[in-house]
Amino acid sequence: MILEKVRNIGISAHIDSGKTTLSERILFYTGMIHAIHEVRGKDGVGAKMDSMDLEREKGITIQSAATYCEWKGYNINLIDTPGHVDFTIEVERALRVLDGAILVLDSVAGVQSQSITVDRQMKRYKVPRLAFVNKMDRPGGNYERVANMLKDKLGHTPLLMHVPLGAEDKFQGMIDVTNGRAYKFDGEDGEKVIEFDAPPEYVDEVKKRRHDLIATLADHDEQIGEMFLSEQDPTVEQLRAGIRRATIALKVTPILCGSALKNKGVQVLLDAVTYYLPHPDEVENIALDQAKGEEKHVLKSDPKAPFVGLAFKLEDGRYGQLTYMRIYQGTVRKGDFIYNISNQEKKVKIPRLVRMHSNEMNDIEEASGGDIVALFGVECASGDTFTNGDVKFTMTSMFVPAAVIKLAVEPKEKNSPNFSKALNRFTKEDPTFRVSRDEESAQTIIAGMGELHLEIYVERMKREYGVEVIVGKPQVAYRETIQHKSEFVYTHKKQTGGSGQYAKVGGYIEPLPSDAVETYEFVDDVVGGSIPREFIGACDKGFKEAIQRGSLIGFPVVGVRAVINDGAAHAVDSSEIAFKTAALMGFREAYEKAKPVVLEPVMKVEVQVPEEFQGGIVGGLNQRRGLILSTETREGFCTCVAEVPLNEMFGYSTVVRSASQGKAEFTMEFARYAPVPSQEQEKLMKEFKDKANAR
């Protein structure tokens, strides 16, 4: 396998932009499937990449699906990711291991709320991308407007690669401005690409668009810049090479157009993937060398280098655990022993090595740097790094967002062994799905990214494990924080038979800056040995225990810095447990005086509704304590963006449908935590107190 001919790409977008439809066309045109099936097709088969029954029923992607194909001598590893924000971890982990991506945008709606989230994820992992403006056949589809939205809303430098041939229902194809050639698509499934010179009526527009493209590129690529200044016209190859360099450097975003559903433009997009997106060696992948104090090491996709791979996704299938792995360097073969560096260098054997084609497996004997494969029988956690044992490299894992909603669940049949089996499997597969036990009520609590997220897992328990579940009322994952600095001096004394307990700690707690990444920070300012060094860690443990449960409503405390700067110890009676207790009680004492407040998750809500229902929808959001951020009207539809507390959003889908005769749709994603109004806080505190008194 020639590395220059490998592309590892993902397809990401807002929900209903046509990602899975596009993936289906890519598989068809590359010969991986022999018939096209639609996402909500009447044939009952469903799209190849939506292999789960639930995905086919609901018409949405729930799990990212991996496949591979070949296009004009290039090997393309492809991951189709969900658009729904509740399954954002699937996008997160896919982008963590990919070298490039296609950002799909609806030609009418353009940049939507989830497009912004996906773009933020791409920027987090420095993933070069192409933008594909899909659904160009829709009434109101506008290629240039979407390009401007990319610039205004996402801060991209767009390169318009095409001039559309026709618009809306007259859309026939496109003209590539790099070579001036036009493309139409014929045949029953658009499989015949007809290439011809740009029609005369388009020649002037193509010339202008090409000049604009070169002028924009000249600002971001030195070679094209020099040619532009000396008024040289770059050849097609020189221009494409310049676009490729600037795209990989994350300076520009080439924008293409087409209609996946109408089989127009997909082959041209595949060509663009080979022209402009990087091969594995053009992307810098960093590992931390644990043998050298986490020194940074750049990995090279050399098949002869020591093997390094990252397990980025787990699935529990019929044959046991399936571990998806991106191989960064070296070669791995069936039967090899590899070491899990993230888990005490645990040695495991690879009994089976496969390439995934959605839910189908194709056995292979070996894989090397740049490949995305799956391993059977390798127990690990999502985000673990494996090597051949010669090196002790670990790779940074993916970002995992905090859960915002909780549900109490219990099986209808008591002591069902499959209930805990299902929960164990789901927590292993999905880092955003969390399970805990409420000791006071003896309930099992599941937490996740939204109502749909948890609803899907409850449904999967029933289907895959035969477990009927009783579900409690959804509960918001509140947090507590402090508003002021507060000092403490606490002495813990306990005298029992034999040696007693003694510890004295002094210091203060204060709010962390609003832009702090961490939610808790411990600072040791003790000088002169007033607290012996061996007990400093115990103080940290005491504070960590204290923030698990705030005193207002019993939720975790965030955004706090705990500082110790004084204390005292006893030669005999001081111990780790004494200092841990003193820190815990000192924190609680200071917490009461630090003006604590309750924080609630605030969601960014985007509603698309016909203009005639706009007033009712906006009024409804205001009633739910919503803050309207923007309203935009286009093609008879209003897009309203607001920030609304999650607690006010339960049951909103029913309300929004009845307020718009079923014509409105909405998406929401977590935006931030914000203090609840004082009236609401008092109500929550009263509920917490009543619950405590009732026990």
Just how far is it from atom [atom1] of [X] to atom [atom2] of [Y], taken to the nearest 0.5 Å?
| X | Y | atom1 | atom2 | result |
| --- | --- | --- | --- | --- |
| R588 | S551 | CZ | OG | 8.5 Å |
| I372 | N8 | CD1 | CG | 4.0 Å |
| D384 | T394 | CG | OG1 | 10.5 Å |
| L105 | D119 | CG | CG | 9.0 Å |
| I405 | M603 | CD1 | CE | 8.0 Å |

Can you give the donor-acceptor pairs under 3.5 Å from side chains of residues 640-647 to other protein atoms, not counting sequence neighbours?
from: E643; atom 1: OE1; to: R672; atom 2: NE; distance (Å): 3.1
from: E643; atom 1: OE1; to: R672; atom 2: NH2; distance (Å): 2.7
from: N647; atom 1: ND2; to: Y478; atom 2: OH; distance (Å): 3.3

Enumerate donor-acceptor pairs with a distance under 3.5 Å from any side-chain N or O in residues 617-627 to protein atoms, sequence neighbours excluded.
from: N622; atom 1: ND2; to: V618; atom 2: O; distance (Å): 3.4
from: R624; atom 1: NH1; to: E648; atom 2: O; distance (Å): 2.4
from: R625; atom 1: NE; to: E648; atom 2: OE2; distance (Å): 3.2
from: R625; atom 1: NH1; to: E600; atom 2: OE2; distance (Å): 2.8
from: R625; atom 1: NH2; to: E600; atom 2: OE1; distance (Å): 3.1
from: R625; atom 1: NH2; to: E600; atom 2: OE2; distance (Å): 3.4
from: R625; atom 1: NH2; to: E648; atom 2: OE2; distance (Å): 3.4

ask   = Between H453 and Y457, how do the two ring planes meet: parallel, tilted or perpendicular, split at 30° and 60°?
value = perpendicular
task = Please work out whether the ring planes of F522 and F543 are parallel, tilted or perpendicular, with thresholds of 30° and 60°.
result = tilted
task = For Q475, enumerate each residue passing the side-chain contact (heavy atoms from CB on, under 4.5 Å) test, keeping only those at least two apart in sequence or located in another chain.
result = K406, F555
Check whether the side chains of [X] and [Y] place a donor and an acceptor atom closer than 3.5 Å, and report yes or no.
| X | Y | result |
| --- | --- | --- |
| E669 | T117 | yes |
| T432 | D430 | yes |
| Y68 | D371 | no |

task = Mind running side-chain contact (heavy atoms from CB on, under 4.5 Å) on I470 and V409 for me, showing each step along the way?
result = CA-CA 6 Å; I470 301 164; V409 291; over 6 Å; no
task = Please report the C-alpha distance between Y520 and K544 in whole Å, then the side-chain angles of each, then the deciding distance to 0.1 Å, and finally whether the side-chain contact (heavy atoms from CB on, under 4.5 Å) criterion is met.
result = CA-CA 8 Å; Y520 160 76; K544 278 180 178 164; 3.6 Å; yes
Salt bridge or not for [X] and [Y], using N-O below 4.0 Å?
| X | Y | result |
| --- | --- | --- |
| E459 | R463 | yes |
| E480 | R549 | no |
| D99 | R326 | yes |
| K313 | E429 | no |

inquiry  = For E545 and F587: C-alpha separation, side-chain torsions, deciding distance, then whether side-chain contact (heavy atoms from CB on, under 4.5 Å) applies.
reply    = CA-CA 10 Å; E545 192 176 311; F587 184 95; over 6 Å; no
Backbone N/O of E410 and side chain of T444: donor-acceptor pair under 3.5 Å = no
ask   = Sub-3.5 Å donor-acceptor pair from the side chain of T481 to the main-chain atoms of V558, do we have one?
value = yes
request  = Begin from the C-alpha positions of F666 and V609 and carry the test side-chain contact (heavy atoms from CB on, under 4.5 Å) through to its verdict.
outcome  = CA-CA 9 Å; F666 82 99; V609 61; over 6 Å; no
